[in-house]
Amino acid sequence: MKKLALSVSAAAVLSLTAPAHAAELLFSTTGQAKLGDTDEPAGNVRTFSGGGVNVQASAWTISNGNSVGDAWLGMYGNPNSNGFIGVTTDAEGTGANNTHTIDNSGQVDFVLLQFDRAVNLYGLTLDAYGDTDVSIRYGTTTYGVKPSWDNAAWSTVASALPNTFDNKVNNLDGYRNIGTPANVYANTWIVSALFPANSSTDAFKLQGVKFTATAVPEPATWAMMIIGFGVIGGAMRRRKGQAEAGALRFA
């Protein structure tokens, strides 16, 4: 009977493991002040929610192929609708005439997405303003803590987010799968115009991302898991004590 109780308890704990689920996060302006090109200080961070996750987004630029600096993250679109994320740099002034795109004209722009859990980011929805070759990097940072990369060398970013791949699709407006391996999970992703750039200028805004995430258990679920592990531990201790007592009787 005790062996059966142990098996049932273990099964109960294992059943609490949440399955992975595919979802989409659109960068909606609902509930957020619409941002222009330089409405907030450079290095501003915006938080978005959707698909069961929270993500903090910030804008950056790479100048001279090496130096990383803060940029302006702008939200574009009608109020209370699905908007677009864009990047404006010092060199682009107010970001007028569609220079507030994520592009590699002169400098290379990128958006940093810090999720509150590890995800497999496999798709992007883009608003194209020319060629749309994309470079992706991923790794791990602390959610809610923006990295201190301003005025740092690009090698600092590359060390923090060591994994990279390029997805080259010419002038594609809308959704596309970026070909991330299914077993790749990380909480931090960079979406940039192709870096290093080739002969074509890439420029786009980012409307949304598709990803697969493993749900985080609710507090009540954590409590059940702890109780379950306690039951398992208690049963194991009782079995050990009974075995030792039996050994003493036969000694």
Option from Phe204, Tyr76, Trp72 for which ring pair (Phe, Tyr, Trp, His ring centres under 6.0 Å) with His100 holds: Tyr76
Tell me, do Val111 and Val87 make a side-chain contact under 4.5 Å, heavy atoms counted? yes
Sub-6.0 Å ring centroid separation between Phe195 and Trp154: yes
Is Asn97 atom CG crowded by more than 12 heavy atoms from other residues, nucleotides or ligands, each under 6.0 Å away? no
Side-chain contact test, heavy atoms from C-beta onward, threshold under 4.5 Å: evaluate it for Thr180 versus Phe165 and give yes or no. yes
From Leu206 atom CG to Leu113 atom CG, the distance as rounded to the nearest 0.5 Å: 6.5 Å
Treating Thr188 as the side-chain partner and Tyr138 as the backbone partner, does any N or O pair qualify as donor plus acceptor under 3.5 Å? no
Measuring from atom OH of Tyr143 to atom CZ of Arg117, what distance do you get when rounded to the nearest 0.5 angstrom? 9.5 Å
Taking side chain as C-beta onward, heavy atoms only, is Asp173 less than 4.5 Å from Thr132? no
Given Val157 and Ile190, is the side chain to side chain contact (heavy atoms under 4.5 Å, CB included) satisfied, shown in steps? CA-CA 10 Å; Val157 178; Ile190 278 178; 3.7 Å; yes
Which distance, rounded to the nearest 0.5 Å, do you find between the CG of Leu161 and the CD1 of Ile136? 11.5 Å
Please report the closest heavy-atom contact between Ile178 and Asn167, naming both atoms and the distance. O-ND2, 3.5 Å
Between Asp150 and Asp70, is there a donor-acceptor pair closer than 3.5 Å when you use the side chain of the first and the backbone of the second? yes
Keeping Asn151 on the side-chain end and Ser67 on the backbone end, is there a donor-acceptor pair under 3.5 Å? no
Can you give me the closest heavy-atom contact between Gln107 and Ser63, atom names plus distance? NE2-CB, 3.4 Å
Will you find, in the side chains of Thr61 and Thr89, an N or O donor that is under 3.5 Å from an N or O acceptor? no
Relative to each other, are the rings of Trp60 and Trp149 parallel, tilted or perpendicular (30° and 60° limits)? tilted
Walk me through whether Thr125 and Glu24 qualify under side chain to side chain contact (heavy atoms under 4.5 Å, CB included). CA-CA 10 Å; Thr125 301; Glu24 181 176 21; 4.0 Å; yes
Distance (rounded to the nearest 0.5 Å) between Gln207 CD and Phe84 CZ: 4.0 Å
Please report the interatomic distance CG(Asn163) to CH2(Trp189), rounded to the nearest 0.5 Å. 8.5 Å
Pairwise distance CD1(Ile102) to NZ(Lys205) - rounded to 0.5 angstrom: 10.0 Å
Any luck finding a side-chain donor-acceptor pair between Asp103 and Ser105 under 3.5 Å? no
Can you confirm whether Lys210 sits close enough to Tyr175 that some side-chain heavy atom of one is under 4.5 Å from a side-chain heavy atom of the other? yes
Can you find a pair of side-chain heavy atoms, one from Leu73 and one from Ser58, that are under 4.5 Å apart? no
Does the side chain of Gln56 pick up a donor-acceptor pair with the side chain of Thr47 at under 3.5 Å? yes
What are the two closest non-hydrogen atoms of Val145 and Gln114, and how far apart are they? O-NE2, 3.1 Å
Under the side chain to side chain contact (heavy atoms under 4.5 Å, CB included) criterion, do Asn104 and Asp133 qualify, and how do the steps go? CA-CA 10 Å; Asn104 52 15; Asp133 294 346; over 6 Å; no
Does Thr212 reach the main-chain N or O of Asn120 with its side chain, forming a donor-acceptor pair under 3.5 Å? no
Are Asp116 and Val55 side-chain neighbours, meaning at least one heavy-atom pair lies under 4.5 Å? no
Show your working on side chain to side chain contact (heavy atoms under 4.5 Å, CB included) between Thr141 and Asn187 and close with a plain yes or no. CA-CA 7 Å; Thr141 62; Asn187 87 309; 4.2 Å; yes
